[in-house]
**Q** 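Let me give you the structure first, and then I'll get to my questions.
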Amino acid sequence: MRQIIQTDTAINRKKKVVMEVVLLAVCLLFYLLFPFFDGPVWCADSASYAFMDISREPLYPAFLALTRIRGAGNAAEEDAYIVTVILQSLLAGFSAWYAGFVIKRTKDQSTLLQIAAIVFQFAVVLLCRFAAVRGSVYTDCIMTEGLGLSLFVLFILELYLYVAGGRKCHLLWTLILSFLLISLRKQMMITILIMGAVFGWYILIRNRKVRKFLCLMLLMVSVLAACKVTDRLYNYAVRGVWIEHCHNSMGVLCTLLYSSDAEKDKLLFTDETVKELYLEIMKQADEQKLLYAYAQGDWLSMSSHYADSYDAIGYGIINPVVDGYIAGHYDYTIVEAALKYDEICEEMTRTLFKQNLMPMLQVYCYNVLKGLVNSVARAGHLLSIYAAAAYLGFAAAAGYLILQKKKLKEMEMQIERSLAFAFIVMMGIVINSLVVGLIIFTQPRYMIYSMGLFYAAYAMLLYDVVRCHILLHGKKTSVCTGM
């Protein structure tokens, strides 16, 4: 009898392994279809990564340099990056499979939730390829999202596994992925804030483990320090100077300029050179009607005007004006010119923070709201209503499970895991919206990192809501029958 049971167990284990291999193969093949049919896609920002521009973080330019096919033409030719997009697609396929694997493993081996998690990742890709204006998937593009979207999914999953199980290997992978993401693009500093929020809730507030929380904070600081050292090592290797990448101050400056009133704010400047540059920038922005004063309509219209103005102010006005001034007054190297650019922009930023910040606050609120919508849908009047309904439904499902958790002891662990995953995903969405909204316009490219995970978390919550309802209904039926 024992031998039969052991044989059945071995067969079941083999079937599970075969199923996982098949699902992994399906995920990899799905993502590989796109580079096969579309090939590498060259985008507006691609050249700055391919040519290792001083304004870029170290990881992606280094990745492109390592994966670019030599002899296939110069660094600006798309065909040279076929290996790059294949590797990006393989990573995306793995991350989609791993999302399903992790959710199945932590949710009573639910194949339904596993398939749902994978399908939601596929759905985001299909939306980008066939429904979005861009008409391409990010894994085919020579841009940081080609790696970043997949790495962020893995980061959230490893953080969830650490919270759910407490194993140090998952904490290690969470920290490594955070390091890679921050080295990929500065937006991913949000990973530190996400970890801080999650550890603060689960380790400090709920479990009251102050020493452990402080140790985790120290590890997070170590990640930031490692990122800064890596940035400097990269620039030392590429340019022979011990500096971090430049042009970090332009993001907030664009928003400050957009919301500025030149007649009032010119009085804030004490540096005459910076003041003259500011007035020239504002003059050109006013001529092109790129300022807050020209924004009209509802919150969607105003946030769209800000989005349309942002790059026009930054790349179309700030860069030519400031770079032109530096070129006309100094005989600088590329590095020296970049550092002077940062010096001027930082001084302008510090000064403009003294302006009336109410217009900027309004822009920020609308921008964050648009970011929240773009995180789960696409900003528009109807889809904004849908997004609000999705968030309300998400919150209602989580609230219901919190109320039922103590009543159903047999479901407590499963509910706790669903709530943990939902909390981590929502922290990712909210923190990303709040941070990106402060620096730049919240276009879908910056916001879809958690889209597939949001719907996977939603599915987990609804799955447990249905199970709770069935169990509660069964208990009531049993009580009535007993009476």
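No experiment lies behind these values; they were computed from the predicted model shown.
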**Q** Would T144 and R185 count as having a side-chain donor-acceptor pair, cut-off 3.5 Å?
**A** yes
**Q** Between Y81 and S46, does any side-chain donor sit less than 3.5 Å from a side-chain acceptor?
**A** no
**Q** Given 3.5 Å as the limit, does a donor-acceptor pair link the side chain of Q404 with the main chain of H469, or not?
**A** no
**Q** Please check this pair: side chain of T230 against backbone of A226, looking for a donor-acceptor N/O pair closer than 3.5 Å.
**A** yes
**Q** Does any non-hydrogen side-chain atom of L175 lie less than 4.5 Å from one of L171?
**A** yes
**Q** Less than 4.5 Å apart, any side-chain heavy atom of F199 and any of M220?
**A** yes
**Q** Using a 4.5 Å cut-off on heavy atoms from C-beta on, say whether the side chain of K104 contacts that of L113.
**A** no
**Q** Give a yes or no on whether the ring-centroid distance for Y49 and F63 is below 6.0 angstrom.
**A** no
**Q** So, do I142 and V41 sit near enough that their side-chain heavy atoms are less than 4.5 Å apart?
**A** no
**Q** Calculate, to the nearest 0.5 Å, the distance between atoms CG and CG belonging to L408 and L472 respectively.
**A** 4.5 Å
**Q** Taking atom types as modelled, find out whether Q114 and E20 have a side-chain donor-acceptor pair closer than 3.5 angstrom.
**A** yes
**Q** So, Y341 versus N319: side-chain donor-acceptor pair below 3.5 Å or not?
**A** yes
**Q** For the OH atom of Y162 and the CD1 atom of I203, what is their distance to the nearest 0.5 Å?
**A** 5.0 Å
**Q** Please report the C-alpha distance between F94 and C27 in whole Å, then the side-chain angles of each, then the deciding distance to 0.1 Å, and finally whether the side-chain contact (heavy atoms from CB on, under 4.5 Å) criterion is met.
**A** CA-CA 7 Å; F94 173 79; C27 291; over 6 Å; no
**Q** I need the S260 OG to L352 CG distance, nearest 0.5 Å.
**A** 5.0 Å
**Q** Of the non-hydrogen atoms in G196 and M217, which two are nearest, and what is the gap between them?
**A** CA-CE, 4.1 Å
**Q** What's the spacing between L90 CG and L29 CG if we round to 0.5 Å?
**A** 9.5 Å
**Q** Please assess V124 against L149 for the test side-chain contact (heavy atoms from CB on, under 4.5 Å), listing each intermediate value before the final yes or no.
**A** CA-CA 11 Å; V124 175; L149 292 171; over 6 Å; no
**Q** For the ring pair Y258 and H305, is the centre-to-centre distance below 6.0 Å?
**A** yes
**Q** What orientation do F394 and Y458 show, parallel under 30°, tilted 30 to 60°, or perpendicular over 60°?
**A** perpendicular
**Q** Salt bridge or not between D108 and R467? Use side-chain N to carboxylate O under 4.0 Å.
**A** yes
**Q** State whether the number of non-hydrogen atoms from other residues, nucleotides or ligands found under 6.0 Å of L382 atom CG is greater than 12.
**A** no
**Q** Is any side-chain heavy atom of I192 less than 4.5 Å from a side-chain heavy atom of S178?
**A** yes
**Q** Picking from F421, Y391, Y449, what satisfies ring-ring contact (aromatic ring centres under 6.0 Å, His included) with F454?
**A** Y391
**Q** Which heavy-atom pair separates C141 from S136 by the least distance, and what is that distance?
**A** SG-OG, 3.5 Å
**Q** When rounded to the nearest 0.5 angstrom, what is the spacing between CD1 in I313 and CG in D308?
**A** 11.0 Å
**Q** Ignoring hydrogens and angles, state whether a donor on the side chain of E346 or N248 is under 3.5 Å from an acceptor on the partner side chain.
**A** no
**Q** With side chains defined as the heavy atoms from C-beta onward, is the minimum distance between V238 and P61 less than 4.5 Å?
**A** no
**Q** Quick one: closest heavy-atom pair of V252 and F353, and the distance?
**A** CG1-CZ, 3.7 Å
**Q** Donor-acceptor pair, distance only, cut-off 3.5 Å: does the side chain of T174 make one with the backbone of L159?
**A** yes
**Q** Would you say R350 has more than 12 foreign heavy atoms packed within less than 6.0 Å of its CZ?
**A** yes
**Q** Identify the heavy atoms of L300 and A379 that sit nearest to each other, and give their distance.
**A** CD2-CB, 4.0 Å
**Q** Using the ring centroid of each side chain, check whether Y138 and F34 are separated by less than 6.0 Å.
**A** no
**Q** Is the side chain of S183 donor-acceptor paired with the backbone N or O of L180 at a distance under 3.5 Å, no angle test?
**A** no
**Q** Within a 6.0 Å radius of atom CE on M19, are there more than 12 heavy atoms belonging to other residues, nucleotides or ligands?
**A** yes
**Q** Hey, are the side chains of Y160 and R417 touching, using non-hydrogen atoms and a 4.5 Å cut-off?
**A** yes
**Q** Check L361, L369, V368 against C365 for a side chain to side chain contact (heavy atoms under 4.5 Å, CB included) and give me the one that passes.
**A** L361
**Q** Under a 3.5 Å distance rule, please check whether N367 uses its side chain to pair with a backbone N or O of T442 as donor and acceptor.
**A** yes
**Q** What orientation do Y446 and F441 show, parallel under 30°, tilted 30 to 60°, or perpendicular over 60°?
**A** perpendicular
**Q** With respect to Q362, which candidate in Y292, Y306, W299 satisfies the side-chain hydrogen bond (donor to acceptor under 3.5 Å, both in side chains) definition?
**A** Y292
**Q** Let me confirm one number: the CG-OG1 distance from L64 to T67, rounded to the nearest 0.5 Å.
**A** 5.5 Å
**Q** Yes or no on side-chain contact (heavy atoms from CB on, under 4.5 Å) for K107 and S418, after CA distance, side-chain angles and deciding distance?
**A** CA-CA 8 Å; K107 291 298 296 179; S418 294; 2.6 Å; yes
**Q** Quick one: does any side-chain atom of S89 pair with a main-chain N or O of L32 as donor and acceptor, under 3.5 Å?
**A** no
**Q** Taking the side chain from D231 and the backbone from H245, do they hold a donor-acceptor pair closer than 3.5 Å?
**A** yes
**Q** Taking it one step at a time, do C468 and M411 satisfy side-chain contact (heavy atoms from CB on, under 4.5 Å)?
**A** CA-CA 8 Å; C468 285; M411 282 283 295; 3.9 Å; yes
**Q** Using the rule salt bridge (Lys or Arg N to Asp or Glu O under 4.0 Å), only one of K186, K228, R239 pairs with E244; which is it?
**A** K228
**Q** Are a donor atom and an acceptor atom from the side chains of Y98 and E158 found within less than 3.5 Å of each other?
**A** yes
**Q** Between R56 and Y234, is any pair of side-chain heavy atoms under 4.5 Å apart?
**A** no
**Q** How close do V153 and Q121 get, counting heavy atoms only, and between which atoms?
**A** CG2-OE1, 4.0 Å
**Q** Under a 3.5 Å cutoff, is there a donor and acceptor pairing between the side chains of D53 and H247?
**A** no
**Q** Are R129 and D140 within salt-bridge range, i.e. N to O under 4.0 Å?
**A** no
**Q** Between F120 and Y455, what is the ring plane arrangement, given parallel below 30°, perpendicular above 60°, and tilted in between?
**A** tilted
**Q** Do you know the tightest heavy-atom contact between I103 and A456?
**A** CD1-CB, 3.9 Å
